[in-house]
Amino acid sequence: MKLLVFLMAIALCGNATAQISSAIEGVVCETGTCAPINGARVSLTLLTIDGTKSIGAAVTDRTGTFRFQQLEPGVYSVNATADNHRSRSSEMIRLSEGQVSQNLKLELQATVTISGRVFDENDEPLANATVEALALRELFIGKKMLTPIMPPARTSTNDRGEFRIPDLDSNLFGNIYIRILPAPAPRADGKSYPIFYYPRTTDPANAAEIVLPEGGGEVTNIDTSLAPLGVRVRGRLIRPTTESMELRGMLISRNGARLIDLSMAMNTRELGGDRFELSAVMPGAYDLYIITGIDPKTGFQWVRTSIYVGTEDLDDVRVTLTPTGTIHGRIVIEPGVVASAPLDVSSIYLQAFYAEHTPASWSGPRASIGKDGTFSFEHLSEATLFFGDPSLTDGWYISAIRLDGEDVTGKGFSSTPGKESNLEVRLNHPGGTVNGVIKDGLDKPIPGGRFVLLPAAPLRGNPIFVKTGAAYDRGAFTIENVAPGDYTLIGFPDDDTFNPVFLRTLELVEKYESYGKRIHVNGGQATEVTVVAAPPG
Amino acid sequence: MRGKVHIIVVVVLLYGAVFAQTAQVGTIEGIVVDSVTNSPIIGVVVRTANPGLPDSTATTNREGRFVLAGVSPGEHRIVATKPGFLNDSSANVRVVLDTGQQIQSVVYRMTPAGVITGRVVDDEGRPMRGAQVQALAFGYREGKRQLVPQGTAATNDRGEFRVFWLDPGAYHVVVNPSGWYIPTNTDSRFIMTYYPGTSDFQKSEIVRIASGEHDVRAIQMASTPTRNIRGRIVGAIPERPDIPQTYNFAITLQSLAEVPYASSAEFPIMVDRTTQQFELKAGVEPGPYRAIARYRTPFATFVGSTKINIDRDDLEDVQIPIQKNLSVQGQVKFEGTQSTGTRDTPLSVTYVPDQLSADLTATASVRDDGRFALESVFPNRYSVHLKGLPDDAYLAGVSVQSRDAEPDSIQFPSGVANVNLTLTVKHDGGKVSGIVTNAEGQPQTGATIVFFPEAAFRSRLDLYKNAESNNKGAFLIRGLAPGNYTVLAFRHLESGAFQSSSFLQDFEDQGVRLAVISGGDSQLSLTSIP
């Protein structure tokens, strides 16, 4: 041993340049236990001023270890991936001449696999069905929607109806829902399957949640049974010319909670007449959207019609191609307003959102406001729009919104196909302030308690006028720039049930209205109010 | 008095006619069973198939029973289908139904289709997910005998796969690795592997399957050492001041080896802006390749290729000349009488390059006025196919820049801003009808009649026509381009073989010579070749 040390000492003292090269060693292992991972792929990258350079790669064996040697000094980054685990990069490793960086631990989090089978109405396995993992996504105006997770986790069933969806990260999604899209090939008897959700429902509201266990593993026996339900909807797009168009359609349920995208089931032919056909449509009220184009500024354009689907096939739904509409907007300051500081209307952030689910999802056009307060929305397809909260300051608030003279403050506004409309956004000043405290039944303030400030009924449809939030440490909160008027303030405990989506869902909040306190807000004044939290459940 | 008698007589006659009408149809009942286990099969769609008579359909219940109602009298072929079972015409049951008869004892035997199962593992036996497994069988494609995928499956997270719904036969199982695994020796890469675990087609083993599952167990992916390929892109690449140093090219290495199943691999590379040099690390089997370089901008695509030979050493100084894509304006001209047939499929033009990668094949739709535009066309030789023609029309001629050309060998010029391509379609094709009989003189149903063009035109795949004889042995074909043909009738013909000149010429002397003239109408009597 002493001889070895001696020899090493001589070697180190010698000319060191390019003789002793640097190395990086480490292990890839499980989070927590650091059990070694077999078959992990480790890649080494050199970071330079100009960018990155890939140096090499390694595959671990069952000891989980890796070693990169004969490296030049520099700054490196090491990245490890392994099947059924989230990938992970290390911190930057600064290697100097002759340095051996040891004990690098790359801990990878195990992911979850969901497995199961899909059966048809005869309890026989269904092959080539597409199985997708979905998660609940919360949208800004209190709506929840089941959407495919990102990155997409999708597979198809084999001849035994089996599927496996790996790589689900319990840190990203607590709960997963499973959706089945039947095979594109039609059945020999002409029937089709609608979209199903695990375990056996066509209604997304009844889709069962699958809890992803922490620490990885497999959730088995996620079996779904399908049946050939629903009716056929056929129709055509009526338009003035026969120039070919690529048509895509979407059928969206009108009760808002569901989303059905049948663009894959739609067969449109371009042989003059533009027919379309959807199969396996479940009964309900729908908006049928035919997408007619994409505008570079405003996105998708469509025409739509409402249809009601019952238990009989619909064979002649007609949708007429109408041109898009235009809205000329103007921000107007109410007459007689005296403000301490002038308001620069062109700096107001006015973003419109769709009240319904449309092919453009939720985001509508954003107003580009000129110095004179005017803006315009062009190439608008028919749909109801609301403005998002423009976050006005200094006591300014939106007092009313008028479309062609009609008060649409609580209703939202829409363009009219082929026409130009005038929209007035009226601002007033000063708004009032609400200083509130939420207490429990024992008169103790609730830190983190939630509140909803509901306006009078006609205005409740407009999200700008419904204020929601949470109280601070002493159960106290302040709401500013409130439009003067009558309100009901409802308080809630600090409970996950009363999350932001709940607070923005009118039909849920209104059930608690009797626990709220009626107040009146005056312009330029503060209203003090204490409210007792409504009991949960 | 007499008038009344007349009326009564008329009424009786009418009533008799109606009675006779409803008594005509009968029913056919039976059961569908699994030919291996003899157990009943639920959910089978059973129908009567008889040209000229309406079809009746039924679905089997839990006991495997079906009832076909409202069946017209006559001879019927009962055909049953269900995914997962072979579509075997020899399993069809022939039934002769008399007026108003009820047949009750049909037994239909269906054979489960074949499944190849197994696992794909790396060099240490660890599962590999996302590998593409294909079951290949010899068949005809574009007139050539080659290995054609009959089923495909991807390995799951356990490395397992099932290639299902296969017909019985002999298969080569081939696996294409997913891109994210590397062998333990990181100076190599996994490559396309044949069962049982070799990259050499000559060493691959055939998997013979009948019905049911066949487990090939573990297929260990083969690997090959990587080699560096260094070279230069020759030709002007448009300036892109917005990108710092390099251009993002893609290089495809397409194997030119004489194997029945060709592979190709794509590599993204960075091409230096000033030197136009590139370097790529490829793990591919040694052999001859075509290296195809491709660069896309929002306004144009640049493509070029060169032949290279990969063996043990690195390759230096590979020069790939590139050219910009052309703008080709096309026009389909219709001559002669307008067609009477309707078009179910819209008219489209497919163009296939001779010496570039297969994914540069593209299709353009033809507008109502006959105009079409080809994008992604490069100065190269192409074959052009017109699809969706009515059955009495044929492609009579092609001209490029007003010069006549052969549809299967069009050389698009370089350095021309706009290229004009005209496809001439005529409706004055020949019409041929006839009867096919077997050796005993009986009408041959379901025979394939093939029109084999004369030697000078055998590379023109669009000239090969085929038809099927009905249950009286009769056939009709229209839209034959004028010329000399050899007409052959086969009792059974493998799909796609009708376009294979190497297959057909062995039967040439058993055929009938026919000269088709423009607007001609011929009748033939043929004897089927068994």
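Below, read A as the first sequence line, B as the second, and so on, with proteins coming before strands; counting in each chain starts at 1. From a predicted model like this one, the values you see are computed outputs, not experimental measurements.
For A:R41 (side chain) and B:I182 (main-chain N/O), no donor-acceptor pair under 3.5 Å exists by modelled atom type.
For the atom pair NZ of B:K281 and OG of A:S54, the computed distance is 8.5 Å after rounding to the nearest 0.5 Å. Distance check: A:N158 CG to B:N156 CG gives 8.5 Å after rounding to the nearest 0.5 Å. Note: A:R164 CZ to B:D157 CG = 4.0 Å, rounded to the nearest 0.5 Å. The structure places CZ of A:F68 at 8.0 Å from OG1 of B:T186, a figure rounded to the nearest 0.5 Å. Between atom CG of residue A:D83 and atom CH2 of residue B:W180 there is a gap of 8.0 Å, rounded to the nearest 0.5 Å. The CD atom of B:E213 sits 5.5 Å away from the CZ atom of A:R160 when rounded to the nearest 0.5 Å.
For B:A373, the side-chain contact (heavy atoms from CB on, under 4.5 Å) test picks out B:Q329, with sequence neighbours left out. Residues satisfying the side chain to side chain donor-acceptor pair (under 3.5 Å) criterion with B:S188, sequence neighbours excluded, are absent altogether.
Using a 4.5 Å cut-off between heavy atoms, B:R62 contacts chain A through its side chain alone, with no backbone atom that close. Neither the backbone nor the side chain of B:F161 comes within contact range of chain A, judged by heavy atoms closer than 4.5 Å. Residue B:W165 touches chain A through its side chain alone, counting heavy-atom pairs closer than 4.5 Å. With a 4.5 angstrom heavy-atom cutoff, A:T60 touches chain B only via backbone atoms. In this structure, chain A has no heavy atom under 4.5 Å from any part of B:V163.
Shortest non-hydrogen contact noted between B:F164 and A:N128 is CZ-OD1, 3.6 Å.
Put simply, the side chain of A:D61 does not reach to within 4.5 Å of the side chain of B:T184, judged on heavy atoms. Two residues are said to be in side-chain contact when any heavy atoms from C-beta on lie closer than 4.5 Å; A:N84 and B:R129 meet this criterion.
Counting heavy atoms of neighbouring residues, nucleotides and ligands inside a 6.0 Å radius, atom CD of B:E375 does not exceed 12 of them. Within a 6.0 Å radius of CD in A:E72, no more than 12 heavy atoms belonging to other residues, nucleotides or ligands are found. Residue A:R62 places its CZ atom among 12 or fewer non-hydrogen atoms of other residues, nucleotides or ligands, all under 6.0 Å distant.
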Checking side-chain contact (heavy atoms from CB on, under 4.5 Å) for the pair A:N38/B:R126: CA distance, chi angles, key distance, verdict? CA-CA 9 Å; A:N38 187 1; B:R126 297 179 288 232; 2.6 Å; yes

